[in-house]
Amino acid sequence: APLPAPDPDGVGDALKRTLAAGAPGAMTRVDDGRTTLSRTAGVSDTATGAGMDTDGRFRIGSVTKTFSTVVLMQLVAEGAVDPDAPVERYLPGVLPDTRITVRHLLSHRSGLWDYSNDMFARTVPGFEAVRDRVFTVRELIDLATAHPATAVPGTTYQYSNTNFVVIGALIEKVTGRTVREEYERRIIDPLDLRNTAYVHPETSISGKRIRGYLTPDEAGAPLVDSTEQTVSWAQSAGAVISSPGDLDRFMSALLGGRLVRADLLERMLEMTPSDGSGVRFYGLGLRRRDLSCGIPVYGHTGTVQGYYTYSFTTRDGRRSVTSVANTSNNGTANTVLGDTLEAAFCGKRAT
Ligand SMILES: C[C@@H](NC(=O)[C@@H](C)NC(=O)CCCC[C@H](NC(=O)C[NH3+])C(=O)[O-])C(=O)O
């Protein structure tokens with residue numbers, strides 16, 4: 001069935017409400033193959049007043065998890081990794097429970113504690129303590145395994161950044177290359193994603209960049225410019241830099257079957273509920289959201305200090321939508337930003 005036409009006014013209204021919730025700027029880019037719709041609001045830099053730009057570069061946070069999953073699934077297709085094998089086979093002695101399989105990591109069912117819960121219990125102090133830190137993957141895994149497991153492996157969905165930091169270590173061990181090289185040779189170069197890079201542990205964003213502003217926990221406190229940071233606390237779970245245009249191309253290529261073998265893409269789409277809403281699910285490194293007009297969309301969200309991201313596409317990859325706000329630790333701004341998906345995929349609300 002043909003998709004409803006996007007509702008530009010609905011997108012613009014959601015972006016204005018995102019600013020009213022406290023974001024300095026917000027933007028949405030809709031790619032329908034041949035046509036592109038871009039809407040921006042507010043500023044990408046509060047000092048200069050420069051506007052938002054859908055070719056601007058920003059920190060995509062957990063949308064990185066989908067990049068890491070694409071690399072992993074290509075290794076599965078090449079016979080280098082068995083998703084149902086224990087992680088122990090590829091990373092002996094790294095995890096405390098040898099029952100944890102690669103698939104458990106990809107579907108957030110490993111039971112591994114998320115070390116970021118401890119790191120960012122206090123938002124700005126937690127961020128300041130790590131913004132210039134360079135962690136080894138071993139250090140991050142040790143922070144996680146200092147806590148008991150949250151569940152028996154395979155039994156429960158429990159979101160954890162630890163899972164995708166281990167996936168990154170697995171990719172590097174199996175290929176003998178860095179995740180940066182693997183992102184470049186398997187995704188960035190083939191799709192010509194010119195505004196996408198993995199520069200960990202560098203702290204700056206090169207080129208046309210969107211500055212990010214972290215909202216402190218204390219009501220009314222001034223926003224903290226969090227643009228420059230290593231994101232070493234997240235690495236293959238959250239440190240990719242990209243643009244709305246590039247993320248739209250990436251998600252369209254993925255669901256359009258151009259990045260992962262069809263039967264393995266089907267595995268990625270085997271979903272379990274990620275919350276009690278009945279409309280949000282997690283597969284392997286991919287989220288699904290069932291929109292109010294009955295259209296399921298696939299992609300990922302991202303939260304890294306100073307940036308909220310939604311990047312979703314239709315099942316066939318024909319229409320992709322990426323929305324960004326340059327603040328974080330602001331739940332209202334995040335929720336309202338998500339309204340852009342309804343306007344962009346479902347069109348005008350039935351009045
Ligand atoms: C949820 C999101 N996950 C991600 O993108 C990963 C990389 N980010 C996090 O786990 C959030 C870390 C805290 C951010 C901080 N919050 C606090 O510090 C709260 N005290 C902030 O909001 O910037 C996803 O998968 O969609």
Side-chain angles (χ1 to χ4, degrees), residues 18 21-24 58-69 105-108 112-131 133 135 140 143-144 150 157-168 179 198 200 211-219 221 223-242 247 251 274-275 277 280-289 297-312 322-335 337-338 341:
T18 305
F58 67 97
R59 300 187 183 283
I60 71 172
S62 286
V63 185
T64 302
K65 293 178 169 74
T66 311
F67 280 72
S68 299
T69 305
L105 299 176
L106 294 167
S107 55
H108 289 301
L112 290 170
W113 173 257
D114 187 343
Y115 53 79
S116 72
N117 294 333
D118 308 314
M119 251 178 215
F120 303 122
R122 296 189 311 142
T123 302
V124 172
F127 169 65
E128 297 292 2
V130 301
R131 70 179 296 168
R133 279 281 303 270
F135 293 95
L140 296 175
L143 288 173
T150 57
Y157 170 88
Q158 176 65 43
Y159 186 93
S160 173
N161 287 300
T162 311
N163 292 319
F164 280 82
V165 163
V166 177
I167 288 287
V179 287
Y198 183 85
H200 170 270
R211 299 199 72 81
Y213 300 94
L214 179 59
T215 303
D217 293 328
E218 299 74 21
L223 302 188
V224 172
D225 187 329
S226 54
T227 312
E228 278 74 33
Q229 60 163 305
T230 60
V231 201
S232 198
W233 62 269
Q235 297 187 44
S236 49
V240 167
I241 288 162
S242 190
L247 286 188
M251 289 297 176
S274 60
D275 62 19
S277 67
R280 294 184 192 166
F281 305 85
Y282 206 97
L284 303 183
L286 266 181
R287 292 184 185 278
R288 185 184 108 205
R289 279 175 170 239
V297 291
Y298 303 82
H300 216 291
T301 48
T303 303
V304 60
Q305 286 83 359
Y307 302 93
Y308 281 131
T309 308
Y310 291 81
S311 189
F312 284 83
T322 296
S323 292
V324 183
N326 59 349
T327 195
S328 66
N329 194 40
N330 178 335
T332 306
N334 194 16
T335 303
L337 181 66
L341 299 180

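Atoms within each ligand, like the ligands themselves, are counted from 1 in listed order.
- In the model, Thr327 has a side-chain atom that pairs as donor or acceptor with a side-chain atom of Thr215 under 3.5 Å.
- Aromatic ring pairs are classed by plane angle as parallel below 30°, tilted from 30° to 60° and perpendicular above 60°; the pair His108 and Tyr157 is perpendicular.
- Taking the six-membered ring for Trp and the full ring otherwise, Tyr310 and His300 have centroids separated by 6.0 Å or more.
- Between Pro24 and Asn326 the shortest heavy-atom distance is CD-OD1, 3.5 Å.
- Contacts of Ser328 with ligand 1, taken as heavy-atom pairs under 4.0 Å, involve both backbone and side chain.
- Of the protein's non-hydrogen atoms, Thr303 O, 3.8 Å is the one closest to atom 11 (C) of ligand 1.
- When each of Phe135, Phe120, Tyr115 is tested with Trp233 by the rule ring pair (Phe, Tyr, Trp, His ring centres under 6.0 Å), just one qualifies, namely Phe120.
- Under a 4.0 Å criterion applied to the non-hydrogen atoms of Gln305, ligand 1 contributes the atoms 23 (O).
- Pairs engaging residues 117-130 under the salt bridge (charged side-chain N to carboxylate O under 4.0 Å, His left out) rule: Glu128-Arg131 [sequence neighbours left out].
- Using a 4.0 Å cut-off to heavy atoms of Gly302, the atoms of ligand 1 that qualify are 5 (O), 26 (O).
- Distances from atom 4 (C) of ligand 1 to the heavy atoms of Gly331, Ala234, Ala239, Ser62 put Ser62 nearest.
- The distance criterion of under 3.5 Å between nitrogen or oxygen atoms is not met by Gly306 with respect to ligand 1.
- Under a 4.0 Å heavy-atom criterion, His300 is in contact with ligand 1.
- No donor-acceptor contact under 3.5 angstrom links the side chains of Ser328 and Tyr213, judged on distance only.
- In Tyr115, neither the side chain nor the backbone holds a heavy atom less than 4.0 Å from any atom of ligand 1.
- Residue contacts with ligand 1, taken as heavy atom pairs separated by less than 4.0 Å, do not involve Arg122 at all.
- Atoms OG1 and CG, on Thr335 and Asn330 in that order, are 9.0 Å from each other to the nearest 0.5 Å.
- The distance criterion of under 3.5 Å between nitrogen or oxygen atoms is not met by Asp217 with respect to ligand 1.
- Residues Tyr307 and Ile60 have side chains not in contact (no heavy-atom distance under 4.5 Å, counting atoms from C-beta outward).
- Considering backbone and side-chain atoms alike, Arg287 places an N or O below 3.5 Å from some N or O of ligand 1.
- Using a 4.0 Å cut-off between heavy atoms, Phe127 makes no contact with ligand 1 at all.
- Ion pair Glu228/Arg59 not flagged as a salt bridge, since none of the NZ, NE, NH1 or NH2 atoms sits closer than 4.0 Å to an Asp/Glu carboxylate oxygen.
- The shortest N/O to N/O separation between Tyr308 and ligand 1 does not fall below 3.5 Å.
- What sits closest to atom 25 (O) of ligand 1 on the protein, heavy atoms only, is Tyr159 OH, 2.6 Å.
- Contact annotation for Asn161 and ligand 1: only side-chain heavy atoms (C-beta onward) come within less than 4.0 Å of the ligand.
- Under the 6.0 Å distance and 45° angle rule, Arg287 does not count as a cation-pi partner of Tyr282.
- Under 4.0 Å from ligand 1, the heavy atoms of Leu214 that appear belong solely to its side chain.
- Looking at Leu106 and Phe164, their side chains come closer than 4.5 Å, going by heavy atoms from C-beta outward.
- No side-chain donor-acceptor contact under 3.5 Å links Lys65 and Ser68.
- Nearest non-hydrogen protein atom to atom 13 (C) of ligand 1 is Phe120 CD1, 3.7 Å.
- In this structure, atom 26 (O) of ligand 1 lies nearest to the protein heavy atom Thr301 OG1, 2.3 Å.
- For atom 17 (C) of ligand 1, the closest non-hydrogen atom on the protein side is Thr123 OG1, 3.6 Å.
- Looking only at protein heavy atoms, the nearest one to atom 12 (C) of ligand 1 is Trp233 CH2, 3.7 Å.
- Considering only non-hydrogen protein atoms, atom 22 (O) of ligand 1 sits nearest to Asn329 N, 2.8 Å.
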